[in-house]
Amino acid sequence: MNGGFFMNILFPAECIVCGARLETGTLCNACRRRIVPFRAAFCGTCAAPLPGFRNICHPRTPYLLGAAGNYGDKALRTLIYALKFGRMKSAAEPLADILIHYFAQLPFDTRGCSVIPMPISKERMRERGFNQAALIAERFAHLFGMPFEKNILTRTKHRTAQSDIIDRNERHENIKGCYEAKPIKNAFGKILLIDDVTTSGATFTEAALALRAAGAKKILALAVAKAL
Ligand SMILES: [Zn+2]
Ligand SMILES: [Zn+2]
């Protein structure tokens with residue numbers, strides 16, 4: 001018997017979105033089914049869908065974007081909000097599962113891939129107590145049997161939260177030079193970079209540039225939700 005068992009007696013699990021009673025977990029099946037999943041990968045610059053996995057419109061974008069759903073989706077937004085601002089670590093599980101289902105249907109060769117979580121600053125880590133992207137990325141990597149590399153990419157500077165800045169250019173300025181990457185040892189140089197949500201793509205772009213400078217050849221940036 002573990003602590004979780006007692007917690008379930010004292011505080012029966014509820015769906016975080018609709019409040020329905022649950023045996024376990026944080027999201028009921030009905031709410032999960034209501035999330036409209038994306039099917040394709042996207043251009044990191046203009047968010048055009050790329051069914052053939054080739055960036056034709058903006059080939060110089062340092063990564064391809066994958067996103068499982070829309071941040072406007074109530075269930076996705078509620079889960080991400082609970083994880084990041086409500087410090088509800090259990091919300092990482094359904095979010096990772098949503099990303100896993102999305103990724104599994106993409107025509108992406110996973111051989112030689114490493115999974116890297118989007119890092120947060122030390123200040124943010126102190127405040128939140130955990131990196132929400134790392135929780136999602138670790139479950140994701142484990143399920144696909146890929147190496148989970150949480151120490152390659154680091155966030156060196158702490159700035160205003162991107163979510164507090166509305167202007168797209170300001171977002172890019174705010175995040176510039178904020179990431180550092182150790183040399184990539186993975187011979188294929190294939191990286192899956194994972195975050196919970198992407199808005200302007202500024203964070204993914206900066207992190208991808210740092211990873212490319214460290215030897216990454218192919219980067220698929222995966223967010224559970226995109227708000228582009
Ligand atoms: Zn529900
Ligand atoms: Zn484009």
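We count ligands from 1, going down the list as the structure has it; atoms in each ligand are counted the same way.
With contacts defined as side-chain heavy-atom distances shorter than 4.5 Å, the pair F144/L192 does not qualify. Proximity of I191 to L153: side-chain heavy atoms (C-beta onward) are nowhere separated by under 4.5 Å.
Centred on the Zn ion (ligand 2), the angle running from C43 (SG) to C57 (SG) is recorded as 110°, rounding to 10°. Angle subtended at the Zn ion (ligand 1) by C18 SG and C15 SG: 110°, rounded to 10 degrees. Between the SG atom of C31 and the SG atom of C28, the angle taken at the Zn ion (ligand 1) works out to 100° after rounding to 10°.
H58 has its closest N, O or S atom to the Zn ion (ligand 2) at the position named ND1.
In terms of the ring-ring contact (aromatic ring centres under 6.0 Å, His included) criterion, F130 has no residue partners (sequence neighbours excluded).
The environment of Y81 atom OH is sparse: at most 12 non-hydrogen atoms of other residues, nucleotides or ligands sit within 6.0 angstrom.
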